[in-house]
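Report on one structure; see the data block that follows.
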Amino acid sequence: MKTFCGRANPTTGSMEWLEEGEDYDYHQEIARSRYADMLHDKDRNVKYYQGIRAAVSRVKERGEKAIVLDIGTGTGLLSMMAASAGADFCYAIEVFKPMANAAVKIVEKNGFSDKIKVINKHSTEVTVGPDGDMQCRANILVTELFDTELIGEGALPTYEHAHKYLVQEGCEAVPHRATVYVQLVESRRMWSWKKLFPVHIEAEDGEKILVPPSEMENCPGLPSVCDIQLNQMPSSDFSTLSDVVKMFSVDFSKPVQSASTYYRVQLEPVKSGKAQIVLSWWDIDMDPSGMINCSMAPYWAKPTSALQWRDHWMQCVYFLPREEPVLQGEKLYLTACRDEYSVWYNLQKAREGENGADEEEHKAGVGVESPVCRCRAHLLWNRPRFGELNDQNRTRQYIKSLRKVLKTDSVCLCISDGSLLPVLAHYLGAKQVFTLENSGVSCSVMEKFFKANNLEDKIKIIEARPELLKPSHLEDKKISVLVGEPFFTTSLLPWHNLYFWYARTAVSTHLASNVTVLPQSASLHMMVVEFQDLWRIRSPCGICEGFDVGTMDDMIKDSLNFRESKEAEPHPLWEYPCKSLSEPQEVLTFDFTKTVPQHGLSTEGSAKLLRKGKSHGAVLWMEYHLAADISVSTGLMQLSNEKGNCEWNPHCKQAVYFFSSVIESEILSDPAVVTYTINFDTKTGEIAMDFKLL
C-alpha cells in the first residue's frame, strides 16, 4: 500500500505530494530512534540487571515463582535479564509492531523463547486469566518508560493501570522508586531562551531602545519542557541560588496515582540574586534499600562518580513565570505542579510567622493550570530562536551591514519569519520598510511588537507568500534593498533557510534594477569530525550485557539506508562536543544577487585528515555574507588549532552526516583523505551528499 504524504518543502516553499510506501513512517521512527543510545548506556543496563537479579532472588526467597511483567520491552533486553536471573516466566509488552517483531527474533536468537512471551499491545489492553494474554498477575514489575522529565512518556497512567489490573499487591518493582531533584538558578543565558531582552540601536539621532510588548514580558511561555545536556553548560553561564533539594518521589512498588497534584518544598537561598530558572533531574533506585542507584545529576551536583553520557535522558530547564529577586536566607516555597505528562513550577515568598495553620491559604495561591503562551511569540519563536534574537553580537553584525547599504531614499523589503530586521532598517534611516510574514502568528506577533515601539505606521506588514506579492502591497514602489537574516520557522537543516533565495527569485519583478540584496550570498561549509559521544546514537551495539542484540543493529541500519542516499540530520553541536579532523572548507556558494538558476549546483573535492582520531562523520553549516567583510556563521564560531576543539553557534542546529564506516587516522605523515560529492538540486532545494574514505 502506498500513501501520499503532503509536505511543504522547507527550501523551495512549494507544496509537494510524495508517494511513500507503508514502511516510511516505521523507517523514520527506527532510523531516528534512541534504541542504540539506550543499548550503549552501560550504567543504565548494569544497574537494571543488578536490580532485576535482586528482585528475582527476593521473590524466590519467599518461596514464590518469579513472574515478570516488562512494559515497553523494546529489544526484550530487560526480560532476557530477568529470564537469565532465574525468573520463571516473563510477559514482555511492546506496542510498536516492528519493535515487537524484533524482540521476538532477539529473544529467540538468545534462546529464551520458552521463558518470554512478547505481547504486541498497549499495556492497558492486556488481559489476564486462563484465556488472557497473561495466565496470572505478575509479582515483579519491570519497566523503562521514562523520559528526561520522568513522566513525559506516560509512565504514571501506565503504572496506575498495571497496579490495578496486571500485577499482584505488594509486588517487587524495578526500578523501585524515582526521585526528582531541583535547584534554583539565575542565568542570563537560559532566561534569554524565554524572554526578549531590550535591543539597543545606535541610530543617527541617538540611541534607540526596542522593547518587547508587555504581554510578551509577562507571558509564562510554553508548557513543554526544555531538555538539554546540562553537562555542556559551563558554570560561568549560571549561578546557583539554592542547594539541590528533593522535590518529590514516586514508589513504583505501590499503587501509583496519575491524577494532577502538586508538591511543595521550602527553600532558603544560599545567595541573593534573580530567581529565573529551576534546573531539574531525577534518579532511580533499582532496589528498596537504594543501594543500586542510577542518577541523571549534572557534573556540579555529582562530582564524585564518573558521568555516564546518554542522550535519551538528560536534564530539564524550567522557566519560572516571572523573575523573582530573592535574598540569601529568606524563606521561599517552591511548588511543582504536575498533570499526567508534565511538570511546571512556581516560586512564592513565605509570609511572616508562617506555619502549618496558613497552609490552606497558600493552596489558593498555587497555580494548578499549566502555563499557556498568550502572547503567541513562544509559538512563533522556539527557545534557540529567542536566544538568537537576544544575541547582541549577532545583532551588531546586521546593524553594521545595514549601515553600509541603506540610503535615505531606500525602500526596504524584509523576508524572514518574525525578524527584528525591519525595525533595524527603519531606525537606520530607510525611507520605507515592508516586511513579508508567512503566517497569521508571525503577523500578530510583529504587529504587537511594532505597536509597543510606536512603529505601527512606520513599517507595513504584508501577509502573503512571495509569489503572490502584488505591486499594490508595496504601494507600487520598487524595492531598492531586500533583506533577510535569513530565518524561517520551517527550517530544520541549515540549508533550508535558502528559502530566502527562492523568495528573492519569486519577488524579482518588484525589485529595482540596481537592488541591493543582504545577505549578498551564502556558502555551505563542511568539516570531518570525531565526536566525543554523539557517535553512539548511530553505532551498532552487537552484544549488550551478554545478550546478542544484533537484530536491532540490522533494523537501524536498514532504516538508515531506506532512502537511496543517506541523509544528514540536525543536532545542536554546542551540546555534543567534537574535535575537527580536517580543516573547515567552503564547498558550495549561493549568489543571492541573481535568481535561482535552472540547473543544479554540484561540487566534488577532498578533505585531508590532519589529526589523529576516528572519523565519525562530517558536519555541515551555512555562512551568510551580509556585506563586504561581514559574515555570520550558523555553525563553526571558533576552532582551537592545537587540539581541534570546536565552538559552535549555540542558537542553531548543524547538519551531521554520519559515515557508514569509521576510519581511524593514525599516521599523520601520510594523511588519510575523505572525498565528497555534494549536489544541490535547485528544483527540489535538496542537498544530496556522498563521502568516501580513502
For Asp283, all residues meeting side-chain contact (heavy atoms from CB on, under 4.5 Å), sequence neighbours excluded: Thr179, Tyr181, Asn293, Ser295
List the atom pairs, with distances to 0.1 Å, where a side-chain N or O of residues 523-532 and a protein N or O form a donor-acceptor pair under 3.5 Å, not counting sequence neighbours.
residue: Ser523; atom: OG; partner: His525; partner atom: NE2; Å: 2.8
residue: Ser523; atom: OG; partner: His625; partner atom: NE2; Å: 2.9
residue: Glu530; atom: OE2; partner: Lys614; partner atom: N; Å: 2.8

Qualifying residues under side-chain contact (heavy atoms from CB on, under 4.5 Å), relative to Tyr341, sequence neighbours excluded: Pro157, Asp339
Test ring pair (Phe, Tyr, Trp, His ring centres under 6.0 Å) applied to Tyr624 - qualifying residues, sequence neighbours left out: none
Any residue meeting side-chain hydrogen bond (donor to acceptor under 3.5 Å, both in side chains) with Asp533, in chain and number order, not counting sequence neighbours: Arg536
Partners meeting salt bridge (Lys or Arg N to Asp or Glu O under 4.0 Å) with Lys42 (sequence neighbours left out): Glu545
side-chain hydrogen bond (donor to acceptor under 3.5 Å, both in side chains) involving Glu94 - partner list, sequence neighbours excluded: none
Results of ring pair (Phe, Tyr, Trp, His ring centres under 6.0 Å) for His40 - residues two or more places apart only: Trp535
Qualifying residues under ring pair (Phe, Tyr, Trp, His ring centres under 6.0 Å), relative to Phe248, sequence neighbours excluded: Tyr263
NZ/NE/NH1/NH2 to OD/OE distance under 4.0 Å, Glu323 and Lys194: no
Partners meeting side-chain contact (heavy atoms from CB on, under 4.5 Å) with His651 (sequence neighbours left out): Glu388, Asp391, Asn649
Inter-residue atom distance Leu379.CG - Thr489.OG1, 0.5 Å rounding: 11.0 Å
Cys226: partners by side-chain contact (heavy atoms from CB on, under 4.5 Å), with sequence neighbours left out: Trp193, Ile228, Val317, Phe319, Arg383
Pairwise side-chain contact, Pro572 with Pro384, heavy-atom cut-off 4.5 Å (strictly under): no
Listed partners of Tyr48 passing ring pair (Phe, Tyr, Trp, His ring centres under 6.0 Å), at least two apart: none
Criterion salt bridge (Lys or Arg N to Asp or Glu O under 4.0 Å) on Arg338 and Glu149, from CA distance to verdict: CA-CA 11 Å; Arg338 72 151 180 81; Glu149 197 172 22; over 6 Å; no
Over 12 non-hydrogen atoms of neighbours within 6.0 angstrom of CD in Glu647: yes
